[in-house]
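Values in this document were obtained by computation on a predicted structure and should not be read as measured data. Note on naming: letters A, B, ... go to the chains in the order of the sequence lines (proteins, then strands), and numbering restarts at 1 for each one.
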Amino acid sequence: SEQEAAFEARIDADGRIEPQDWMPEAYRKTLVRQISQHAHSEIVGMLPEGNWISRAPSLKRKAILIAKVQDEGGHGLYLYSAAETLGTSRDQMLEGLHSGKAKYSSIFNYPTLNWADVGVIGWLVDGAAIMNQVPLCRCSYGPYARAMVRVCKEESFHQRQGYEALLVMMKGTDEQRAMVQDAVNRYWWKCLAMFGPPDADSPHSAQGMRWGIKRISNDDLRQKFIDATVPQAKVLGVTLPDPDLKWNEARGHYDYGQIDWAEFWNTVEGNGPCNNERLATRVKAHNDGQWVRDAAQAYARKQKERALKEAA
Amino acid sequence: SEQEAAFEARIDADGRIEPQDWMPEAYRKTLVRQISQHAHSEIVGMLPEGNWISRAPSLKRKAILIAKVQDEGGHGLYLYSAAETLGTSRDQMLEGLHSGKAKYSSIFNYPTLNWADVGVIGWLVDGAAIMNQVPLCRCSYGPYARAMVRVCKEESFHQRQGYEALLVMMKGTDEQRAMVQDAVNRYWWKCLAMFGPPDADSPHSAQGMRWGIKRISNDDLRQKFIDATVPQAKVLGVTLPDPDLKWNEARGHYDYGQIDWAEFWNTVEGNGPCNNERLATRVKAHNDGQWVRDAAQAYARKQKERALKEAA
Amino acid sequence: MSTPIDYLLHLADNAVVLGQRNAEWCGHGPILEEDMALANVSLDLIGQARLLYQRAAELKGGDATEDKLAYFRGPHEFRNYTLLELPHHGALVGYAAADRDYATTIVRNFLYSALMVHVWDGLQQSADASLAAIAAKSLKETSYHLHHSRDWLVRMGDGTEESHARAQAAVNHLMPYTEEFWTTSPAEGAAVAAKIGIDVWALRPAWDALVNEALAEATLTRPNFHGYVTEGKIGLHSEHLSYLLGEMQGLARAHPGATW
Amino acid sequence: MSTPIDYLLHLADNAVVLGQRNAEWCGHGPILEEDMALANVSLDLIGQARLLYQRAAELKGGDATEDKLAYFRGPHEFRNYTLLELPHHGALVGYAAADRDYATTIVRNFLYSALMVHVWDGLQQSADASLAAIAAKSLKETSYHLHHSRDWLVRMGDGTEESHARAQAAVNHLMPYTEEFWTTSPAEGAAVAAKIGIDVWALRPAWDALVNEALAEATLTRPNFHGYVTEGKIGLHSEHLSYLLGEMQGLARAHPGATW
């Protein structure tokens, strides 16, 4: 069709698609799925870090952590709004999350077991997320691209904060250093898996590339992340738990070991250590909050009625 | 009436009244009120000490405390049973507690704020309770008297355990000693009030004495408690927070200062620091447990029906 | 401790304890916007606490720091209003477990911020210039907290039958704790005498007006007071504070020499 | 740490953590008799933990004591099954607040004691005579725990519609955690090799039979397992243990040198 041709031409010219523009249903669906999944990840991602707010070991770190978790809520808001421009309501998206139909980043299905996890999530998890997200700032769908610009800016800030917190801990006591190493041991491989399956096993990527939603392949992003992170680990003084990790002069990249994809898929399918807890907590918060949302709606309705009566 | 004369004669001869015996309604009512109030005190009294089980600073103290709180539950059970022999069911008594009609010892309306409170409750609160309760072992109503024999034996054990725990703390660090002194400061006056209003203001006592339910007056018991406790406080090395407390050679007793009866009555009337919390906690436990009790009843009914069917 | 320090600790402990409580909703709020709003309230309060502790540490000298004051004092040394340490549910003993109730949270934030807008306003004239500066900053934040909680109080009271009942229950539960506002602790008395602190008693009519007006708009009833006046600000707390501080301080205390 | 010590700590940590959880009901039970029954279970478990820690401290030597082992090790050093540290409610994150659910408590006590009657039975033949003696004592206690929890499991499952639903939900929630029983930790492997410990894997058919029979009598369904096998016994816990230990250890750690 003519519309389709115009859409394709815009995509080919690296132009932006805006909400009022015509777009193929598959493009719309792919975006809603991806953006809502991203929004859900921000919201569920508040839980593992939120777990340490009450116990932060200094008031400064407590404030930083609250602000960070609050930012994640903010990212969730931008992203839900971006997805809403595609005709899906926040309630519909939440229904998808709560029923288990929609996914969120599997990294949040692991527990935060010591205070250093907070720093490591900033450094590695946010670091990996940024690698994934920076290309999305050039995504073909305008509202998503613009949301991602803001998200990436804040995520970079979080990443630096996380790394800085770890630097301070590594300069501290033996126990503090052990906490950092323990957290790195538990999170390193999970972060590598965040880039998704190897390119060879990633059939959806091609269409995403074609549409300008995905810009760089999983394996390339993963390699980029590893290459950037290894020197940071050295500065920090932690060991990355991969005996196969070494510089390959010929490739100009770090080689690395085998990712446990069986474990990854098992967690994605709902069988990770915290899947049930994360989802049930979101559902409980939503259900427990029903009366509050009802109250706000009832009050707004009453106010409207009163205004109408007065006007009459 | 003839029955009444027989009852009076039995009382005068210091004999025992048993459940199957005739008794005046007022006697029955007084006993139900007193015994159920005593039972409620045991149950509500589990809460202030229960507050420290999870935080007991050694496993030995944790075990001692659990056993003690469990004993209190046991006392509640004997006492509810004793009251049931007078024709009032446990459910009826609990309904009285939960609706706020029935009272319990006001001493449990104060918070337990540090670990030493546990020891002080053993030493002073149980100590005062024993003073009150030992005469009840000779109470005219048989089931109550027998329950009290068992209760008093266990309470004496608790009192010694509490005192012993405080002795260890007083031999410990400055902070431990400060905890003990702080707990004594908060509990001393409340314990003196446990014996009830001065004899001059205690109109119910006469009938209770007449019936052999009450044996010793409030002021006499209070004096006895003070005389017994002052030397213990000296051994312990704590200061009792009463500047007027001193030995009166002439009386052969310790003189002591003014009890704040306004505060006492205010707390009895429901306005102490923890009245709402204690009662609401009991009510919540009861309500939250409804489905469990329902399940047990439903299952018992089904089992009975099955047995009948099989027999048929 | 000397007067201004004790008074600063009262203000700081209020802020840190309520900040700790508000942050508990993070990730559990009734709607995403409220998660963020309460995180914001919490951040403001923690920020206020930091400035106040820093000033107290400065006056105290020696090796005092904001974190020493926040993390290494026991419950009996804390000087916050008892109101602020209560969990987010109705009256229950310290070791009870229960769902959080948003009405309790909102009503408490309202009752406290309705006081603090006046306290901070007055403290802008404190003889302690640092405190005056903290007050000016805190006043702006607290005005927002008051707006936020008042809006929700009205929505809940004049919302559904359930929300009205919950809001009224929270008001009944919490209002008695506000009586502590109107007693004068030694620290407050001395601070007022030194023109460092503010006479809270004088703020009562303004607070009453603010509260009564909001309750009326929310179609809620103000319960009569007949009860126990709490004494958190002289260090006599409820059973709840030791749990709150145990959780807040545990990690810091497990690593006494550490820097974070 | 050496083998027998690690193994003893696994057994002791199991007992202390579940003892701590059971005691949380004290004063909050559904009926007075159950308050007392759970206090009793808790007392037995704390008693078992004490004997096991004492034996471990003896083998460890130096200044080790039961309380040092219970109060001064961190969550990552605890070797209990993850099952035992979970709060008394359904799946929720570590800092969620919720009412306690008695079905969760009962189902957990059942699943654990159904294992431990066999473990203690076998350990009566341990090459460590102290452990064998502890096992004989613990077997009697655990048989009572099994009876108690099994009785209630059946009552709940075959009681009302609500109790059935709650019991089934608790079974669905907790059963996956029992998979941890059947893996062999290094400490267990070494203890078995040294004839000090017992091969839990070999107990699986007996446990299955006990569990399946009870579930059938309770008209409850056993869920299929497909999931994550927890690793508490090698020190990788859920988010819940650090809260439990924070509360349990806080006071003792605030007074490191003190005797109680």
Side-chain angles (χ1 to χ4, degrees), chain B residues 39 42-67 69-74 76-77 80 90 94 114-115 165 168-169 171-173 175-176 179 281-282 284-286 288-303, chain D residues 16 19-20 22-40 42-43 46-47 49-50 53 65-67 69-71 99-103 106 151-152 154-164 166-167 244 247-255 257-260:
Chain B
E42 298 283 355
I43 303 312
V44 175
M46 294 170 78
L47 298 175
E49 291 174 285
N51 187 41
W52 286 92
I53 290 176
S54 70
R55 301 177 288 181
S58 77
L59 292 182
K60 179 182 143 193
R61 293 292 168 197
K62 188 190 290 284
I64 289 174
L65 182 55
I66 296 171
V69 177
Q70 194 192 26
D71 280 349
E72 285 160 8
L77 276 186
Y80 283 128
R90 203 209 294 187
L94 286 179
N114 85 52
W115 167 252
V168 173
M169 287 182 75
K171 282 186 200 130
T173 66
E175 282 171 313
Q176 286 177 296
M179 285 161 76
T281 299
R282 287 309 319 155
K284 184 178 195 299
H286 189 76
D288 287 357
Q290 188 64 52
W291 73 269
V292 180
R293 299 191 300 277
D294 289 347
Q297 278 198 341
Y299 179 74
R301 201 177 46 242
K302 284 185 198 175
Q303 284 294 84
Chain D
V16 84
Q20 181 81 356
N22 269 279
E24 289 174 351
W25 278 103
C26 203
H28 309 285
I31 185 168
L32 185 48
E33 284 80 353
E34 285 305 291
D35 269 66
M36 295 175 64
L38 287 205
N40 205 57
S42 180
L43 262 180
I46 302 289
R50 292 188 65 194
Y53 283 134
T65 66
E66 59 174 281
D67 286 333
L69 293 171
Y71 286 91
D99 288 341
R100 295 187 186 101
D101 169 49
Y102 207 59
I106 289 296
D151 281 355
W152 273 106
V154 171
R155 277 188 207 115
M156 287 177 180
D158 194 18
T160 65
E161 210 171 305
E162 181 181 3
S163 69
H164 180 88
R166 283 175 176 267
L244 182 148
E247 186 170 318
M248 177 175 122
Q249 299 177 334
L251 177 59
R253 284 180 179 238
H255 304 271
T259 304
W260 303 94

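- Put simply, of D:E24, D:E161, D:H28, the one with the most heavy-atom pairs under 4.5 Å next to chain B is D:H28.
- With respect to chain B, the highest number of heavy-atom pairs below 4.5 Å among D:D67, D:I106, D:L38, D:T160 belongs to D:D67.
- For B:Q70, the parts lying near chain D are the backbone and the side chain together; criterion is any non-hydrogen pair under 4.5 Å.
- The candidate with the highest count of non-hydrogen atom pairs below 4.5 Å against chain B, out of D:Q20, D:E162, D:R100, is D:Q20.
- Of the two parts of D:A70, only the side chain, counted from C-beta on, holds a non-hydrogen atom closer than 4.5 Å to a non-hydrogen atom of chain B.
- Shown here for B:G76 and D:L32, the closest heavy-atom pair between the two residues is C-CD2, 4.3 Å.
- Inter-residue side-chain proximity for B:N51 and B:R55 is flagged as met; some heavy-atom pair is nearer than 4.5 Å.
- Contact annotation: the side chain of D:I31 never approaches that of B:V292 to less than 4.5 Å [non-hydrogen atoms, C-beta and beyond].
- Residues D:D101 and B:W291 have side chains in contact (heavy-atom distance under 4.5 Å, counting atoms from C-beta outward).
- For the set B:E175, B:M46, B:K60, B:M169, the entry with the most heavy-atom pairs within less than 4.5 Å of chain D is B:K60.
- D:R50 contributes no side-chain N or O that, together with a main-chain N or O of D:V16, makes up a donor-acceptor pair within less than 3.5 Å.
- Salt bridge status for D:D99 with B:K284: present, with a side-chain N to carboxylate O gap under 4.0 Å.
- For a residue to count as touching a neighbouring chain, one of its non-hydrogen atoms must lie under 4.5 Å from one of that chain's; by this rule D:A103 touches chain B with backbone and side chain alike.
- When every heavy atom of D:S42 is checked against every heavy atom of D:G19, the shortest pair comes out as OG-O, 2.7 Å.
- Interface remark: D:R166 contributes side-chain atoms only to the contact with chain B (heavy atom separation under 4.5 Å).
- One distance of note links CG of D:L43 with CG of B:L65; it measures 9.5 Å at 0.5 Å rounding.
- Heavy-atom pairs under 4.5 Å with chain D were tallied for B:L59, B:I66, B:I53; the largest tally goes to B:L59.
- No other option in D:R253, D:E34, D:M156, D:E33 has as many heavy-atom pairs under 4.5 Å with chain B as D:E33.
- Looking at D:V154, the atoms closer than 4.5 Å to chain B (heavy atoms on both sides) sit in the backbone and in the side chain alike.
- B:H286 has its side chain within reach of B:R293: a pair of non-hydrogen atoms, C-beta onward, lies under 4.5 Å apart.
- In this structure, chain D has no heavy atom under 4.5 Å from any part of B:R301.
- When D:Y102, D:Y71, D:Y53, D:W25 are compared by the number of non-hydrogen pairs under 4.5 Å with chain B, D:Y71 comes out ahead.
- Your options are B:S58, B:G74, B:G73, and the one with the most heavy-atom pairs under 4.5 Å with chain D is B:S58.
- For B:A63, the parts sitting under 4.5 Å from any heavy atom of chain D are the backbone and the side chain alike.
- In this structure, the side chain of D:H164 does not engage the main chain of D:D158 through any donor-acceptor pair within 3.5 Å.
- Both the backbone and the side chain of D:N40 come within contact range of chain B, judged by heavy atoms closer than 4.5 Å.
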The test is side-chain contact (heavy atoms from CB on, under 4.5 Å); show your working for B:L47 and B:R282 and say whether it passes.
CA-CA 9 Å; B:L47 298 175; B:R282 287 309 319 155; 4.2 Å; yes

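- For chain B, the nearby part of D:I46 is the side chain; its heavy atoms alone come within less than 4.5 Å.
- For B:L94, no part lies near chain D; criterion is any non-hydrogen pair under 4.5 Å.
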